[in-house]
Each structure stands twice: as structure tokens, then as C-alpha cells.
There are 2 protein chains.
Amino acid sequence: MSTMRQVAERAGVSAKTVSRVMHDDRYVSADVRQRVERAIAELGYVPNVLARTFRSGRDAVIGVAVPSISDPFFAALTGEVERVARARGVAVLVTSIGTDPAHEQAAVHALLGRQVTGLIMAPVAADQSYLRPCQDRTVIVFIDRPPARIVADSVVEDDLGGAHAATTHLLRHGHRRVGFVGDTLAIATTARRLEGYRAALADAGIDPDPGLVALTAASDEDSAKALVDLLSLPEPPTALFSSNARTSIGIIPALQAAGRTDVGLVSFGDFPLAAALQPPVTVIDQDPASVGRTAATRLFERLDHPNRRLKRRIVLPVPLISRGSCRGRPGPDCG
Amino acid sequence: MSTMRQVAERAGVSAKTVSRVMHDDRYVSADVRQRVERAIAELGYVPNVLARTFRSGRDAVIGVAVPSISDPFFAALTGEVERVARARGVAVLVTSIGTDPAHEQAAVHALLGRQVTGLIMAPVAADQSYLRPCQDRTVIVFIDRPPARIVADSVVEDDLGGAHAATTHLLRHGHRRVGFVGDTLAIATTARRLEGYRAALADAGIDPDPGLVALTAASDEDSAKALVDLLSLPEPPTALFSSNARTSIGIIPALQAAGRTDVGLVSFGDFPLAAALQPPVTVIDQDPASVGRTAATRLFERLDHPNRRLKRRIVLPVPLISRGSCRGRPGPDCG
DNA sequence: TTTCTCTATGTCACCGGTGACAGACAACGG
DNA sequence: CCGTTGTCTGTCACCGGTGACATAGAGAAA
């Protein structure tokens, strides 16, 4: 890879002049411009972005830190962030934090050390105060889950409202024993969805049965097992609220295997083919692309206008898409 | 953000000594080490990775360029690359190329300009010769599709063999009119899968009917439309080979809507819930994680041992997972 | 003609960490 | 007491592009 000075030498000019050509500076004669452009082409010169941005102290890169990029939800979200960033010529550095809270700080520091101008992250740990010192030079936008012990922008879905709506929807279809299937309360969104579920039961005057709450559905296998356990209770649930798309994808095959497609189901989070299943799955439409777009847009807004006053917390609505899985065996129609 | 010299000043030492502490250099007295560590903690010092790697000319970053990170296949692949890279302390820069071949070079140059040590990319254009000048300083591994007009490592699936197996599988279940649903021949994998499909028909002594080949399934809507068109032919196909998971996800709801779940189906590429559908979908298991792992492993192997001689082309087998959607209405059992 | 402006190009320091190299001092063997 | 070796710390240049500033010639204005 050649450097700017090599190009300069070949064109018989100074490095600065090459820099001027690269930046379409007005004050370059046609003759010189042509010679430099030829030299650039001949050497296949690609400017060293590191050097440029190193000088200015800040790189045109934003970091994205999510639990897992493989997760379709975060993949779609990241993809949208990247779209917005690319439109502005900003690169995107991606890191998977994993689910271990202890690893969050290391993963985020790896990004900060690269002098990212902005950071979009889904917090996993219970405390993000370690990010405070960085806030004067790096804009941080939290996604999916609100941050703790730090003031920053966040873009979250309406977990509480969505869970409430989902549960209420099942209750309206005549279900009285509604189960909750989730991964773990350590994840803030799950905790809030459980809260919404409980609130809906309370609003309907139904006594919550702790035995109907399964918080072990971390993997597909665990989800399936949690389902089997719930269905083999003496008084099994007639409907389930699945607290995210992954648990839904885990329990649906198990439901089918058990021949219990009569069990009502609402999934927090849409997923491919939800409409093609029998019965089609009613979902709370938690749109990852819109979270990504909103977060990236906010990030750049902060970068462009550091002094503008904006509401810290953006809560995206999560509409319910009724498809049919909400009614019980002899249930009434969805509406 | 503080610099190394600021830390040095606070600790009353030179910048170089701070550097030594950061690198656990043997020749630092316990006293000095402690003072420096205190200063680092007090200032919340995070070393500037840019500066360090800028000096050495190479950054501990690898680039990943795929058509779209939102695509679950590439998301899973990228996730696995990131896992392997993270285990080595190497960061991952991700770029979506999109489907426009003209954009490929710009997207890749954006990564190269950041001095990535390695590049994992799924080519979209018909010519990658523009990458030749970079090869002496950047290791390139192509994924999913082989490169053109350039010699480099590639990790691809056995498109030809997989498509052949899928088609043959349908033929063995008594189907004689097997349709092909794909996006576009501009994508190399689709072209090779069509080739495999045709070869399987030829091996079975069946005259290929060009009318059964639909190459318009770029989006879910287009896939659905392609399916409807195929089924309304005077002599419609009794089975379909869907050339990738996305087209499958597009045509399955349409199949269900048309009440034609009797139509045989094999999908190139597994997808969530394929087993939970009615009937469960037989697939060619194209494992994105293993592509990612293999590519990343090869990349680091090249970086660690630049002179080792290795086979350029790695073809991953794609096993067929028979689930039931392959048989026709009154068909025999799957094998 | 002088002065000023505009154009076109060059020089140089600097960003922040680090490799090469240079001391300085202590300990130790002869 | 000197030479040698080992330990600890500092100085300085450098990576590559760019901002600040200088300079030089051309033409215009005074």
C-alpha cells in the first residue's frame, strides 16, 4: 500500500498538494491535479483513514455493542444502524457482548479505545456508570434496555404496555389461566414484560399463579422443556405469553409435538413465518429496524447539535398483530 | 479522554514508562508501577488504539463485508467470525455491500482504508481483480461465493451438490415436474444451484421445462407472486426447489394461502421453525456459523503462517435434512 | 509603479503511542 | 577498584495525513 508522499513524489509535488487533490481543494491547477490523479491511479493509492482521523483525534466510526449479532433481532437492528451510518460515510464497528454482565465493560472499552464518535449499545450489566467519563467525547445511545446509574439517551420498546396488551388480549379471548414464558429476570426487558403481564392480570381481577411463570427458557431446548413442564401441571395454562421471539421459536415446535395447538399464544416479538404457522401466531410487533433507525438518527442528531435539548427517553410503541393463535379451542373470533 | 503523557505527568514519570506499565514490562519498579496504575485509574485512561496501531501500520481489526447484515444467514456468519476474532482480541468492522455490484468496491475500500489486517467478504460483483494490489498486506478470504479474476482463499458451500441432492430427493419421491424458485442469476450461488438442479433432472432423464424456472423471487412479495404464477400454469409443478431460505420464507405463506401444502418442497438453507410447519420443511442444511468459523480460522491461519501452503478453496458439505415436505400428496415415506 | 488580492504550492509541526537507543545506577566477580 | 551484567528510566524519532502558516507569481486596483 502506498502513502501520500509516494504519490507526491511520483507526481512531482508535495504531499500537501496530493491531500488537496484528494479533498477537491479549489486551489489546484488542472495540470497538477491531472498528474496527481494519474499517480494515484497508477499506485492504487488508498488514503490511510487511521492517519487522518488520528490527527483529528476522532474517527468517523460508531460502535455497536449488542448481546449477540447472530440474534435476528439485533442483526436487523445493527443492519439498520449501518444503513444510516453508511449514508453519512461513517463506519460501524460491531461487538457482541454476550450475556455475561462481567464482559460488558471490556467489550465496550474495546470500542472506546478505537476513538469511536458514538456508541449504540444494549446494556447487559446492572450498572453503566463506568461510561460517565467518556460521555464528554462520545455520544452514547442505549437500545432495547434502559441504562442504569448514568444519564444518556435510550430507545426502548414499550415492554410494559406491550406485555399488558398481549396478556389482556388473551384474557379477552376467554383465557383465565395464562402462563408466562421468559428467559431470565436478569434481562431488564424480560423483567418489565413480566411486570406488564402481572399488571394485566391484576387489572382483570385475576389472582396470579406463580406456578404459571417459567423463567428458564434461555435456549430452544430449555424453552421446550419449560413448556412441557407447564402443560403437565395439575391445572395447566390454557394460554401462554412468550416474552420474546426466541422463546416463541423454542416453544412452538414443542407445542406442535405435544399436539397442543389449542393453547393460546401471543409472542412478544414478530418472527418470520409467524403468519404461516397453524394457527398463525399473534404477536407484539417489536420492530428492530425502527429501533436501529431511531437510535442511529438520535446519535447523529446529538453529534450534529451537541447543545440541542432533547427528551432522553424514546419509547417506541409495539402494536399487537392479531393472527389467530390467541383464541382457545372453542374460542370466539379475534378482533 | 486523557492521553498517556497526561498519565505520565500525574505519576511523575515519562510517557514511555506508562507504556511499559501498560505492557507489563519486566523492568518497572514496584513503586513506579503503583504510581502509574493509580494515575491510570484516577484519569480513567483508555489507551488510544488508533495511535498504537497507526504506528505499527496495521490495526488489529478485520473487516467483514456481506450483502446485508440483516440477512439471518450473514448475521449468523458474522456473529461466528466475531466470536473467533474476539477470542484473539481482534475487532471486527462490518459493512453491508448491498446487492448493487457497483457499490462493492467502495464498500471494500472503506474497510481497506482502515488498514484492516484481514478481510472476509461475500463478493457481489463479477470481478475482484481490483483487490490484487492489497493482497500483499491484507489477507482476503471470500465466503459464500468464489471470487473472480483473483487468486484468494474461499469458503463456499457445495451449491452444485446440494441442489443436485435436493432435486434428486424430490424426484425419488415420485415428482416429475419440479420447479425452481430463485432470486437472480446475478448471484453466483443461485446460478450454481440452478446448475445443480438441471444436472439432477438430466441425470434422471427428465426434459427440463424452462417454464418451471422462476428467477424473480427477490423479495417476499415477489416470491409469493412467482409461486402463484407457477401454480397457475397449465401444467403446474408438483414440487419446488427453493434456492435459498429467503425465497422459502417468501413462498411458504403463499403455498399455505393457496391451500397447496401438498406441493413438494425442499429449501436450500435451513430456517427457524422449518420443522414446526405443516408439513415440516425438508432442507439442505447450509450452516452459516460453520462458514464463518472456517473463514475466520483460515484468515488467522494465513496471518500467523504467511508461507504455509494451503488449498485455496474450501467447500463445505451441505447435508440434506429430510422432514416431510418432500413427498407429494399420496407419496411414499421419506428416506 | 506600488500595493493589494487571489491563486497555487510548499513547509512544518503535530496527533499519541512505541521502537531503538542511551544513560544511570546497583550488584557482583575477579 | 575496575569491568561487566542486569535493572530501571528517559529521549527522540517516527508512523501518514492535515491544519496553520508562509511564499511566490499573476493580475487588478490605486
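What's counted below: heavy atoms across the whole structure, side chains too, no hydrogens, waters or symmetry copies. Every chain is numbered from 1 and lettered A, B, ... according to where its sequence line falls, protein lines coming before strand lines. Quick caveat: nothing in here was measured; it's all calculated off a predicted structure.
- Atom CD of A/Gln34 has 12 or fewer heavy atoms from other residues, nucleotides or ligands within 6.0 Å.
- Rounding to whole angstrom units, CG of residue A/Asn48 and P of C/dC15 are separated by 18 Å.
- Across all their heavy atoms, A/Thr95 and B/Glu82 have their closest contact at CA-OE2, 3.5 Å.
- Between A/Met4 atom CE and C/dG10 atom P the separation is 13 Å, expressed in whole Å.
- Not a single donor-acceptor pair under 3.5 Å links the side chain of B/Gln128 to the backbone N or O of B/Ile150.
- Residues B/Thr3 and A/Val28 each lie close to DNA chain C; by heavy-atom proximity, the contact nearer the 5' end of the strand is made by A/Val28.
- As a whole-Å value, the separation of A/Asp25 CG from C/dG10 P is 12 Å.
- In terms of modelled atom types and a separation under 3.5 Å, the side chain of A/Arg33 and the main chain of A/Asp24 share no donor-acceptor contact.
- By the neighbour-count criterion of 12 heavy atoms within 6.0 Å, atom CZ of B/Arg312 is densely surrounded, having more than that number from other residues, nucleotides or ligands.
- Put simply, NE2 on B/His23 is 7 Å from P on C/dG19, counting in whole angstrom units.
- Rounded to whole Å, atom C1' of C/dA22 lies 13 Å from atom NZ of B/Lys16.
- In terms of phosphate contacts, B/Ser29 brings a side-chain nitrogen or oxygen within less than 4.0 Å of OP1 or OP2 of D/dT9.
- The nucleotide whose nearest atom lies closest to any side-chain atom of A/Arg20 is, among D/dC21, C/dG17, D/dT9, D/dC21.
- Considering only the side chain of A/Arg55, D/dG17 comes nearest among C/dG10, C/dT18, D/dG17.
- Side-chain proximity of B/Tyr45 to the nucleotides C/dT9, C/dT18, C/dG17 is greatest for C/dG17.
- The CZ atom of A/Arg5 sits 11 Å away from the P atom of C/dT11 (whole-angstrom rounding).
- For B/Ile40 and C/dG17, the CD1 to P distance is 11 Å, given to the nearest whole Å.
- Within 4.0 Å (heavy atoms only), A/Val18 reaches no atom of the nucleic acid at all.
- Considering only the side chain of B/Val32, D/dT9 comes nearest among D/dT9, C/dG10, C/dT18.
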